[in-house]
Amino acid sequence: MISNPIRETIRIMPRGNEEIAGLLQEYAELLQITGGDPFRTRNYEKAAKSISGFSGDAGQLDEAGLQKIVGVGKSIAAKIVECQLSGVFTQLSELRAKVPEGVRAMTRIPALGPKHAFQLYTELGISSVDELSDAIAEGRLRDLKGFGARSEEKISRGIELVRGLDQRTPINVAAEIADRIVAVISAVDGCERCQYAGSLRRFMETIGDVDILAAAADSAPLMAALLAMPQVQSVIASGDTKTSVRISTEQAGQPGSIQVDLRVVPADCWGAALQYFTGSQAHNIAVREIAVRKKLKLSEYGLFEAESGDLITSATEEEIYARLGLDFVPAPMREDRGEVQAAARHEIPALVSLAEILGDLHSHTTLTDGVASLEEMVSAARAKGYAYFAVTDHAPNLFMQRMTIEKMLAQREQLHKLESGQAGNGATPMILLHGTELNIAPDGSVDWPEDVLAGFDLCIASVHSHFDQSRAEMTRRFRFACENPQVNIIGHPTARRIGKRAGVDVDFAELFRACAETGTALEINSQPQRLDLPSDHLRAARDAGVKFAISTDSHAVGALDLLRYGVGTAQRGWLTPDDIINAWPLERLREFLAA
DNA sequence: GCCGTTTTCGGCCCGACTGTTTTCAGTCG
């Protein structure tokens with residue numbers, strides 16, 4: 001029998017981080033539903049999140065290694081190891097037998113939590129969202145203790161909401177809505193400050209709800225302004241300090257909606273409120289625990305002496321962190337993934353900022369699938385004040401793009417003319433780089449022969465097909481592409497489409513090694529439906545010695561503005577300008593591309 | 001269940017809003 005070299009490298013793969021995290025999360029939820037100790041529940045949730053964001057492969061670790069992960073102690077480590085070895089998680093199986101899967105699904109309904117879901121199951125035998133819907137229609141909830149007509153109504157609305165697809169909103173759609181609301185609220189008489197906070201300020205890739213914070217002595221006119229917006233579909237809650245509504249989102253004609261929370265505070269506690277309202281919840285808990293240990297109390301109203309209740313500070317976030325002995329933590333880092341400890345050790349890195357990006361390294365024109373001409377793209381890039389700009393149209397193997405070597409060479413000539421044409425008008429000229437986006441074939445090869453590739457200033461190589469290869473094949477495919485001396489950057493490495501297509505299955509540790517060894521950068525693609533490489537992988541890649549290119553992959557002039565989402569993603573991955581090749585001056589960039 | 005320049009035991013963030021309640025539990029962030 002002929003041996004298959006790929007097959008031989010496959011071992012029985014242990015469960016990956018996400019799978020382990022999923023089991024722990026499920027166990028936490030089932031514990032909560034069955035009324036388990038809330039602190040234990042919180043711990044399992046924390047361990048799940050911690051493993052989900054862990055940069056190594058938790059499935060490869062023994063008990064001692066697992067316990068080094070924050071939130072994982074003796075007991076959870078033992079459960080994970082047992083699960084890896086025997087495939088059995090006894091306590092989880094026991095709870096699964098007590099709580100049908102449908103009951104857990106019921107807790108996803110807004111306004112229906114674990115306690116009521118379990119009550120509905122034990123007292124009425126309701127064990128799915130559909131059964132719950134029927135029970136409400138039959139009026140069976142009314143006689144239940146703790147339920148009434150209003151709760152029936154809220155749960156009914158919640159069921160409609162969960163049945164609608166795509167509950168989380170892309171970051172750019174949420175940002176547009178947030179900007180509009182901030183403009184409306186800011187214009188109200190008496191509004192002293194207004195900005196968005198929450199997951200949007202932290203640059204999460206999708207947004208569950210939009211959090212708006214405002215400062216005013218009298219909250220009523222601000223709340224009224226929000227309620228009067230024509231996009232408001234329904235009011236979830238409305239009080240003196242907080243109003244929650246659902247607002248419609250139009251995405252390419254698709255109906256949708258998102259929850260918006262408006263919180264109004266007095267101006268003098270702005271910093272404390274912004275810190276609180278930005279989250280994440282896990283970060284806030286970690287920070288508040290530090291406050292408690294110092295005999296202080298932190299809330300959205302300020303930092304107080306625990307004993308006397310005297311206010312210490314509340315005006316700015318910086319003062320609050322400083323008073324707790326912490327470095328200021330930039331919002332995108334606030335996920336309780338080690339940043340609080342880093343802040344205590346005064347090791348918060350100087351994150352890359354939008355202003356430090358000197359050029360965009362991935363763009364398309366009408367020569368392939370862009371909708372703006374070369375001249376339009378270049379002039380838009382110049383308007384951004386970039387020091388350099390790369391045009392990287394698709395290569396021939398993406399057949400529908402009908403690229404040829406002749407078209408490519410003609411574009412290069414046009415590009416050189418454009419570049420020389422700008423001399424003499426006084427301003428520092430923007431350097432134009434001629435590049436291409438190659439297609440990584442299933443075997444790892446790319447479109448053009450090496451001598452053709454050598455004519456480009458830069459080559460991106462991306463996976464555009466055969467997404468379902470096995471991990472071993474995919475990993476070998478990437479390594480082969482990295483080893484091509486002409487390939488400088490791997491484009492949108494996981495090839496995921498957020499909410500639509502999962503990323504390819506690749507051994508990330510091996511990919512990072514290959515990139516580091518060959519001097520190949522990984523792209524952080526700024527398209528909101530990509531955000532790829534995802535932020536969760538960035539720290540591991542950087543620790544392996546990988547450099548990154550933050551690019552927009554623009555197919556239109558307006559898309560150049562998407563760079564901020566790529567920068568936000570890089571900030572979530574703790575990256576500094578030194579990690580980002582397009583934050584470097586042209587000379588250093590050229591050296592990297594030539595190496 | 002985790003964690004510790006106060007602790008290996010005894011804590012574990014904090015507050016707003018709602019609905020069904022005569023004082024509070026549940027949900028949410």
Side-chain angles (χ1 to χ4, degrees), chain A residues 24 27-28 31-33 35-48 50 66-80 91 106-120 141-155 158 197-199 202 207-213 219 223 235-245 259-265 269 272-273 275-304 306 324-325 334 336 340-341 344:
Chain A
L24 294 174
Y27 186 61
L31 266 180
Q32 205 179 10
I33 290 170
D37 173 14
F39 297 110
R40 252 178 89 203
T41 303
R42 206 181 92 187
N43 242 98
Y44 274 99
E45 273 178 348
K46 185 170 180 175
S50 202
L66 284 164
Q67 284 186 62
K68 294 205 176 78
I69 300 174
V70 183
V72 178
K74 207 171 155 81
S75 170
I76 293 181
K79 285 192 175 72
I80 293 172
Q91 292 87 342
M106 282 158 57
T107 65
R108 308 254 183 280
I109 300 168
L112 185 63
K115 295 285 178 294
H116 281 154
F118 198 55
Q119 186 190 359
L120 288 168
L141 264 57
R142 270 174 222 177
D143 305 329
L144 222 52
K145 190 169 187 292
F147 288 82
R150 292 282 297 155
S151 22
E152 279 186 350
E153 220 175 282
K154 283 188 104 166
I155 293 169
S199 51
R202 300 200 314 276
I207 307 299
D209 45 42
V210 170
D211 301 310
I212 312 277
L213 180 66
S219 67
M223 301 303 190
V235 180
I236 298 159
S238 186
D240 284 342
T241 63
K242 184 179 155 187
T243 291
S244 296
V245 298
Q259 180 170 331
V260 175
D261 297 331
L262 172 63
R263 188 77 186 254
V264 182
V265 299
C269 54
Q275 198 281 330
Y276 156 74
F277 219 25
T278 296
S280 68
Q281 199 174 1
H283 173 85
N284 285 353
I285 290 173
V287 172
R288 287 174 180 199
E289 279 169 354
I290 287 184
V292 169
R293 256 176 262 141
K294 293 181 185 287
K295 303 223 182 296
L296 306 172
K297 186 188 73 162
L298 178 62
S299 77
E300 56 264 55
Y301 296 111
L303 184 63
F304 302 89
L324 290 170
R334 299 182 195 172
D336 192 25
V340 177
Q341 294 84 340

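A, B, ... follow the sequence lines: proteins, then strands. Residue 1 opens every chain.
At a threshold of 4.0 angstrom between heavy atoms, the contacts of A/Asp240 are confined to the sugar-phosphate backbone, with no base atom among them. Residue A/Pro38 is out of contact with every strand shown, counting any heavy-atom pair closer than 4.0 Å. Contact annotation for A/Arg263: backbone-only contact, meaning every heavy-atom pair under 4.0 Å involves sugar-phosphate atoms and none involves a base. Among the atoms of the strands shown, only primed sugar atoms or phosphate atoms (P, OP1, OP2) are found under 4.0 Å from some heavy atom of A/Ile109. Note on A/Val287: nothing from the nucleic acid sits closer than 4.0 angstrom, heavy atoms only. A/Ser238 comes within contact range of the sugar-phosphate backbone alone, with a heavy-atom separation under 4.0 Å but no base atom that close. A/Arg150 comes within 4.0 angstrom of the backbone, heavy atoms only, and of no base. A/Ala149 comes within contact range of the sugar-phosphate backbone alone, with a heavy-atom separation under 4.0 Å but no base atom that close. Contacts of A/Lys297 with the nucleic acid, taken as non-hydrogen atoms under 4.0 Å apart, involve only primed sugar atoms and P, OP1 or OP2. Across all strands shown, A/Phe147 has heavy atoms under 4.0 Å from sugar-phosphate atoms exclusively, and none from any base. Among the protein residues, A/Lys79 comes within range of the sugar-phosphate backbone only, with heavy atoms under 4.0 Å from sugar or phosphate atoms but none that close to a base. Residue-level contact check: A/Lys154 touches the backbone only, with heavy atoms under 4.0 Å from sugar-phosphate atoms and none from bases. Within 4.0 Å of A/Gln281, counting heavy atoms only, lies at least one base atom of the nucleic acid. Base engagement by A/Ile285 is indicated by at least one non-hydrogen atom pair under 4.0 Å involving a base atom.
Atom C1' of B/dG4 sits at a distance of 8 Å from the matching atom of B/dT8, rounded to the whole Å. Comparing the P positions of B/dC17 and B/dC2 gives a spacing of 36 Å, expressed to the nearest Å. Nucleotides B/dT5 and B/dG15 place their P atoms 25 Å apart, quoted to the nearest Å. With both ends at atom P, the span from B/dA16 to B/dT20 equals 22 Å, rounded to whole Å. Taking atom P on both B/dT21 and B/dA25, the two are 13 Å apart, rounded to the nearest angstrom. Comparing the C1' positions of B/dG19 and B/dT6 gives an interatomic distance of 43 Å, to the nearest angstrom. If you take atom C1' in B/dC12 and the same atom in B/dT23, they sit 26 Å apart, rounded to whole Å.
A/Asp211 contributes no side-chain N or O that, together with a main-chain N or O of A/Ala197, makes up a donor-acceptor pair within less than 3.5 Å. Here the side chain of A/Ser280 pairs a donor or acceptor atom with the backbone of A/His283 at under 3.5 angstrom. Without hydrogens or angle criteria, A/Ser151 side chain to A/Phe147 main chain gives no donor-acceptor distance under 3.5 Å.
B/dT8 is unpaired under the criterion used here, namely a Watson-Crick or G-U wobble arrangement in which both key atom distances are under 3.5 Å.
Defined by atom type and a distance below 3.5 Å, a donor-acceptor pair is present between the side-chain atoms of A/Ser75 and A/Lys79. The closest side-chain donor-acceptor pair between A/Ser244 and A/Asp261 falls under 3.5 angstrom.
Here the side chains of A/Arg263 and A/Ile212 are not in contact, with every heavy-atom distance at 4.5 Å or above. In this structure, A/Ile33 and A/Lys115 have side chains that are not in contact, with every pair of non-hydrogen atoms separated by 4.5 Å or more.
A 4.0 Å heavy-atom criterion places the boundary nucleotides of DNA chain B facing chain A at B/dG1 to B/dG29, written 5' to 3'.
The 5' end of DNA chain B is approached more closely, in terms of each residue's nearest nucleotide, by A/Ala77 than by the other of A/Ala77 and A/Asp209. When the nearest nucleotides of DNA chain B are assigned to A/Lys295 and A/Gly71 by heavy-atom distance, the more 5′-ward of the two goes with A/Gly71.
Within a 6.0 Å radius of CG in A/Asp240, other residues, nucleotides and ligands contribute 12 heavy atoms or fewer.
With A/Val340 as the partner, the side-chain contact (heavy atoms from CB on, under 4.5 Å) test is satisfied by one option alone out of A/Ile285, A/Val287, A/Val70: A/Val287.
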